[in-house]
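For reference, the structure discussed in these notes is given below.
We number each residue from 1, following the sequence as shown. In listed order, ligands and their atoms are each counted from 1.
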Amino acid sequence: MVEILPSVLSLDYSDTKKYLDLIKETCKVIHFDVMDGHFVNNLSFGPDIMKAFKNYTNLVMDVHIMVTNPKKVSDIFINAGADIITFHYEALESETEIIDLAHKIKNNNIKAGISIKPNTPVSKITNLLKYFDLVLVMSVEPGLGGQGFIESSLEKIIELKELKNKYNYNYIIEIDGGINDTTVKRVKEAGCEWLVSGSYLFKGDFKEKVKKLLEL
Ligand code: DX5
Ligand code: ZN
């Protein structure tokens, strides 16, 4: 089942309520990018904004933490009521740390996701897939909206889909970066289920654009 997840990084914050109303009428899940100015150059939002968005909309909060200290930041978003927390493979040193953090998130009844940057191959996380509810393929370098789609991400989606089928894993396959009316079809054909979109959705008629991404 394909879902379109608006990335609120691209929202016009001078008109937040208008956009939250549009999102809740159109989508089920919202993608919330947390950036710390270390793991990526950009700084974005903290837990209070997420809480406010969740209280106002009841949307499922898909929290993508692009941070160097995912253990600490996960705690913050566990306490804030996130529904899904996805951290980066590249941010932790060992598989043990990664597995421990996945367990900790899931022990709080929150779904755990792992994300890989464009230069990280799927082979790095093959042993870890069974611990996760979601795998997020970054199809741009994390840190900024509005970048061009990296084509090699399609092979990663196909690989993740094959591994999922082969081992009967349950994870959702998600993609983030450069999703628009020219890339969406190939991403769906590759087997991706959750598609994050920011700059494309928030320029122009939001509802029409979500519809178009679903139809294409
Ligand atoms: C990038 C973020 C994305 C970003 C996607 O680091 O994780 O969620 O907002 O934006 P677009 O759709 O503009 O590439
Ligand atoms: Zn993201």
Number the atoms of ligand 1 from 1 as they appear, then name those within less than 4.0 Å of a heavy atom of [X], with their elements.
| X | answer |
| --- | --- |
| S197 | 12 (O) |
| G146 | 11 (P), 13 (O), 14 (O) |
| M66 | 6 (O), 7 (O) |
| G145 | 10 (O), 13 (O) |
| H31 | 8 (O) |
| S7 | 4 (C), 8 (O), 9 (O) |
| G177 | 14 (O) |
| M35 | 6 (O) |

With a 6.0 Å cut-off (strictly less than), is the heavy-atom count around [atom1] of [X], excluding the residue itself, greater than 12?
| X | atom1 | value |
| --- | --- | --- |
| N119 | CG | no |
| N170 | CG | no |
| Y167 | OH | no |
| K51 | NZ | yes |
| K209 | NZ | yes |
| N79 | CG | yes |

Handout entry: Heavy-atom pair with the smallest gap, counting every atom of H64 and S115
Key =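 So the two residues come closest at NE2-OG, 4.1 Å.
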
Handout entry: Nearest heavy-atom neighbours spanning L128 and I99
Key =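 So the two residues come closest at CD2-CG1, 3.7 Å.
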
If I apply the N/O under 3.5 Å rule, does [X] come out as touching ligand 1?
| X | result |
| --- | --- |
| G178 | yes |
| V196 | no |
| D176 | yes |
| S10 | no |
| I179 | no |

Quick test: of every protein heavy atom, which one is nearest to [atom], and how far off is it to 0.1 Å?
| atom | value |
| --- | --- |
| atom 2 (C) of ligand 1 | D33 OD2, 3.3 Å |
| atom 12 (O) of ligand 1 | G198 N, 2.8 Å |
| atom 6 (O) of ligand 1 | G143 N, 2.7 Å |

Practice task
Please state whether the rings of F53 and F32 are parallel, tilted or perpendicular, taking 30° and 60° as the class boundaries.
Solution key: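 Perpendicular.
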
Exercise for the section: Taking the six-membered ring for Trp and the single ring otherwise, decide whether the centroids of F87 and F77 are under 6.0 Å apart. Expected result: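 So the answer is no for these two rings.
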
Exercise for the section: To the nearest 10 degrees, could you say what angle the Zn ion (ligand 2) makes with OD2 of D176 and ND1 of H64? Expected result: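 OD2 of D176 and ND1 of H64 make an angle of 100° at the Zn ion (ligand 2), to the nearest 10°.
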
Problem - Residue portion contacting ligand 1 (non-hydrogen atoms closer than 4.0 Å) for L144 - result: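 The answer is the backbone.
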
Exercise for the section: Answer with side chain, backbone, both or neither: which part of S199 has a heavy atom less than 4.0 angstrom from an atom of ligand 1? Expected result: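 Near ligand 1, S199 shows its backbone as well as its side chain.
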
Exercise for the section: Of all N, O or S atoms in D33, identify the one at the shortest distance from the Zn ion (ligand 2). Expected result: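 This turns out to be OD1.
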
Handout entry: Among V67, V63, I65, the one residue meeting side chain to side chain contact (heavy atoms under 4.5 Å, CB included) with S74
Key =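 Looking at V67, V63, I65, the match for S74 under the side chain to side chain contact (heavy atoms under 4.5 Å, CB included) is I65.
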
Practice task
Find the distance between CG (D176) and CG (D33) and round it off to the nearest 0.5 Å.
Solution key: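 Going from the CG atom of D176 to the CG atom of D33 covers 5.5 Å.
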
